[in-house]
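For clarity, every value in this text was computed on a predicted model and none was experimentally measured. Lettering follows sequence order; numbering is per chain, from 1.
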Amino acid sequence: MKYQRVRGMRDILPEDTARWREVEGVVIDVLRRYGYREIRLPLLEATEVFSRGVGEATDLVEKEMYTFDDRKGKSLSLRPEGTASCVRACIENGLLHNRTQRLWYHGPMFRYERPQKGRTREHTQIGAEVFGIPGPEVDAEILVMLARVFRELGVGSAVSLEINSLGSGESRTRYREALVDYLSPRRDELDADSRRRLATNPLRILDSKVATTRDIVAGGPDLAGYLDENARARFDALCDQLDAAGVGHRVNPRLVRGLDYYTDVVFEWVTRDLGAQDAVCSGGRYDGLVERLGGRAVPGAGFGMGLDRVLLLHQALVERRYTDADVYVAVTGPHGPRAAQVAEQVREQTRLRVVQHAGLGGLRSQLKEADRSGARWAVIVGDDEVAENRVSLKALREESDQTMVDVEELLARLGPSAQSGE
RNA sequence: GUGGAUGUAGCUCAGCAGGUAGAGCCCCGGAUUGUGGAUCCGGUGGUCGUGGGUUCAAGCCCCAUCAUCCACCCCA
C-alpha cells in the first residue's frame, strides 16, 4: 500500500456516518433547545492564543500541539481545544460587549499524543460556552443540559458526573502555596512527573495516579478547606440545584483539570466502558480567561464533549439498523427512462430515499441489492408493467403479495410511510 | 516520550520443523429465461506491511523501518 493515513488521523466510513449524524443531531438539538447559538471557528490559530489561553505549563501546550511556522515565519497551531479560539473570536468580533452569549461549536481538534483506545490525534468535539453570567445557575444549566444530552442519546446509564471546586483566584493561590509548602520537603518521595509539576503546575499533583504520591497528597492540605466563602457558597448552590434537578453527581476532591484557565467549578463526565480514556465530556468555569486573552473581565463557563468517545458508547449501547434507501427501483429491458421518471415522481412527492438500479444485472440480482440496501419497498419496472402503464410494488420487510399499481396508487401506498427511515 | 503485543484475500483469521499460500464471511454466477432474505454447487480475489540480510530455498530466522492495538502518561 503506497499511501496510508497520517498517524492518529482517521477515516469515518459510510457504515458509521449515519450513526455520527444521529449522535451529532441529538446533541445539537438539545443545545438549540437551551438557546445556544452556533459559532464556527477556524482550525488554525496563532500559537499564542493557546499558549496564553490554555497555559504555558500545561501538557497540552508543552508537548501536544501541532505547531509550525507559516511562510512568513509566524507560528501557527492546529487547535487542540475549542475554548481559547472561541474566546478569541468573541473578543475580536465584539460579541461580549454588554451582553451574554450562549454558544456552541463543533469540529475536529488535534493533539499530538500516542494513539490508543478512545484516543486519536484528531478527534471531534462539540463544545459550548456561556459568557457574561457570573452566578452558579449557569453551571447548573450546563450540567442539567448535559444530563439530558446523555439521556436522550441513550447512554445515560454509562456515564457519571464528577464535580469539584478549585476556588476562585485568591483562595486558589493560597492553597497552591500551602500545597507547595507541604510537598517541597517531601520532594524526593514524589514520582518524577509530580516533582516536575511542583514547580510548573502543583495542583495537577492532586490527581496523580501514582500510589505513593497519592498517599503523600492525602496527608496534605485539603483544597476544600481553602475555598473562600464565595466559592464555597457557589459550589453548595450548584450541588443543591443539581439535586433539585435530579442530576446525580459525586464530589471528587481530587478532580483538577489539566488546563490553566479553570476557576471554581470543574466537572468531568466519566465512563467505565472505554478503558483508560474515561473522560467523555468535561469543563467548568473560567472567569479569568477573557481578560487573559485581552478582553474585559467577563465570566465564562463551558464544556467540551469528545464525540469519538460518545460514539463508542452509543455503538455499544444503542442498537440501530441504518439503511441506505427506502425504495429501490428495479428495471428490466429498455425501460430505464420510464423507471427514472417514476423514481423522480416519488422523490418529488415524498421525502423517501429512492435508489434506482444502475448498470447490469438481472431482476434477481437487483432484488438482492434492494434487500441489501435495507429498502422497505422494491418497485419493478419491466415489460408487463410498462405495457399496462403501471409498476409492481413489492414489500421487502413484511409478508405480503406483490401488486401492480399505477403511479398514483404507488404514491398513495408509499405515502403513509413517507418519512425516511434513516 | 516509555513499555508490551500484532501486521497473511475487502473483513475475521489459520499456516504445525524454513520447501514459492488456506478457511469462513463478503462479492459474482448457477440451481430458479422477470423476483430478495434460507439451502446447495461453482468462481473472482494475495508484491504474506516495507526495505535489507542469512539460506539451494523465507509468510516462517536476523536487522531496520512504518503502521495498528493495549498500557503508562495525558486527556475529550
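- Looking at heavy-atom distances under 4.0 Å, A:G362 makes no contact with the nucleic acid at all.
- Remark: RNA chain B forms stems of 3 or more consecutive Watson-Crick or G-U wobble pairs, all pair distances under 3.5 Å, at B:1-7 with B:66-72, B:10-13 with B:22-25, B:27-31 with B:39-43, B:49-53 with B:61-65.
- Around CZ of A:R37, the count of heavy atoms belonging to other residues, nucleotides or ligands within 6.0 Å does not exceed 12.
- Looking at residues 157-167 of chain A, you'll see that no heavy atom sits under 4.0 Å from any atom of RNA chain B.
- No hydrogens or angles were tested; on distance alone, a donor-acceptor pair under 3.5 Å links the side chain of A:E385 to the base of B:G34.
- Listed nucleotides: B:C75, B:U35, B:C69. Nearest to the side chain of A:P115: B:C69.
- Side-chain contact annotation: A:D260 with A:T58, donor-acceptor N/O pair under 3.5 Å absent.
- Using a 4.0 Å heavy-atom criterion, one finds that A:G304 contacts the sugar-phosphate atoms exclusively.
- Looking at A:I163 and A:D139, their side chains never come closer than 4.5 Å, going by heavy atoms from C-beta outward.
- Of the two residues contacting RNA chain B, namely A:S282 and A:G275, the nearest-nucleotide position lying further toward the 5' end is that of A:G275.
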Distance-only donor-acceptor pairs under 3.5 Å for side chains of residues 380-387 of chain A, two or more places apart:
unit_1, atom_1, unit_2, atom_2, d
A:D383, OD1, A:H335, NE2, 2.7
A:E385, OE1, A:G382, N, 3.1
A:E385, OE2, A:S392, OG, 2.5

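- B:G37 atom C1' lies 10 Å from atom CD of A:E399, rounded to whole Å.
- Around CZ of A:R52, the count of heavy atoms belonging to other residues, nucleotides or ligands within 6.0 Å does not exceed 12.
- Among the nucleotides B:C75, B:A71, B:G37, the one closest to any side-chain atom of A:R309 is B:C75.
- If you take atom C1' in B:G43 and the same atom in B:C60, they sit 30 Å apart, rounded to whole Å.
- Considering only side-chain N and O atoms, A:Q116 lies nowhere under 4.0 angstrom from the phosphate OP1 or OP2 of B:C70.
- Within 3.5 Å, no donor on the side chain of A:R114 pairs with an acceptor on the base of B:C69, nor the reverse.
- Taking atom CD of residue A:Q366 and atom P of nucleotide B:U32, one finds them 20 Å apart after rounding to whole Å.
- Between B:G18 and B:C13, the two P atoms lie 25 Å apart (nearest whole Å).
- At a cut-off of 3.5 angstrom, the base of B:G36 holds at least one donor-acceptor pair with the side chain of A:D371.
- A salt bridge is defined here as a Lys NZ or Arg NE, NH1 or NH2 lying under 4.0 Å from an Asp or Glu carboxylate O, and A:E122 with A:R5 fails to meet this definition.
- Residue A:A276 is in base contact, counting any heavy-atom pair closer than 4.0 Å across all strands shown.
- In this structure, the nucleotide among B:C73, B:G36, B:C75 sitting nearest to the side chain of A:A279 is B:C75.
- Across all strands, A:L307 comes closer than 4.0 Å to no nucleic acid atom at all (heavy-atom distances).
- One interatomic measurement links the two molecules: CZ of A:R214 to P of B:C73, which rounds to 10 Å at whole-angstrom precision.
- You won't find any donor-acceptor pair under 3.5 Å spanning the side chain of A:D59 and the base of B:C75, going by distance alone.
- B:G4 sits 40 Å from B:U44 when the C1' atoms are compared, rounded to a whole Å.
- For the C1' atom pair drawn from B:A14 and B:G7, the interatomic distance equals 15 Å after rounding to whole Å.
- Between the A:Y175 side chain and the A:P221 main chain, a donor and an acceptor come within less than 3.5 Å of each other.
- Contacts of A:D383 with the nucleic acid, taken as non-hydrogen atoms under 4.0 Å apart, include base atoms.
- When only modelled atom types and interatomic distance are considered, A:E129 and A:T83 share a side-chain donor-acceptor pair under 3.5 Å.
- Comparing the P positions of B:A21 and B:C16 gives a spacing of 14 Å, expressed to the nearest Å.
- Checking B:C73, B:G34, B:G37 against the side-chain heavy atoms of A:Q277 singles out B:C73 as nearest.
- A cation-pi arrangement is present between A:R121 and A:Y112, with the terminal nitrogen or guanidinium carbon under 6.0 Å from the aromatic centre and inside a 45° cone about the axis.
- The nucleotide whose nearest atom lies closest to any side-chain atom of A:S392 is, among B:C72, B:C75, B:G34, B:G34.
- A:L31 CG to A:M145 CE: the interatomic distance, rounded to the nearest 0.5 Å, is 5.0 Å.
- Distance from the side chain of A:K117 is smallest to B:C70 among B:C70, B:C73, B:A31.
- As rounded to the nearest Å, B:G19 and B:G51 have P atoms that lie 22 Å from one another.
- Side-chain nitrogen and oxygen atoms of A:R372 include none within less than 4.0 Å of the OP1 or OP2 phosphate oxygen of B:G37.
- With values rounded to the nearest 0.5 angstrom, A:S194 atom OG is found 9.5 Å from A:R204 atom CZ.
- Nucleic acid contact class of A:G283 (heavy atoms, under 4.0 Å, all strands): none.
- Listed nucleotides: B:C72, B:A67, B:G34. Nearest to the side chain of A:R7: B:A67.
- A distance of 5.5 Å separates CH2 in A:W377 from CD in A:E398, rounded to the nearest 0.5 Å.
- Distance noted for atom C1' between B:G42 and B:C66: 40 Å (whole Å).
- Here A:T120 lies in heavy-atom contact (under 4.0 Å) with a base.
- Atom-to-atom, CG of A:D278 to C1' of B:C72 comes out at 14 Å; the value is rounded to the nearest Å.
- Closest approach to the A:R111 side chain among B:C75, B:C73, B:U35 is made by B:C75 (side chain taken as heavy atoms from C-beta onward).
- Using a 4.0 Å heavy-atom criterion, one finds that A:T332 contacts no nucleic acid atom at all.
- Within 4.0 Å of A:Q402, counting heavy atoms only, lies at least one base atom of the nucleic acid.
- Distance from the side chain of A:R397 is smallest to B:G36 among B:G34, B:C75, B:G36.
- The interatomic distance linking A:E64 (CD) with B:C75 (C1') rounds to 7 Å, in whole Å.
- Regarding A:R196, its CZ atom lies at a distance of 11 Å from the C1' atom of B:G1, rounded to whole Å.
- Of the two residues contacting RNA chain B, namely A:W269 and A:R5, the nearest-nucleotide position lying further toward the 5' end is that of A:R5.
- In this structure, of B:A67, B:C73, B:U32, it is B:U32 that holds the atom nearest to the side chain of A:R364.
- In terms of modelled atom types and a separation under 3.5 Å, the side chain of A:H249 and the main chain of A:V247 share a donor-acceptor contact.
- One donor-acceptor pair, N or O on each side, does fall under 3.5 Å between the base of B:C73 and the side chain of A:R119.
- Comparing the C1' positions of B:G45 and B:C25 gives an interatomic distance of 14 Å, to the nearest angstrom.
- A salt bridge is absent between A:E113 and A:R111: the closest approach of a Lys/Arg side-chain nitrogen to an acidic carboxylate oxygen does not fall below 4.0 angstrom.
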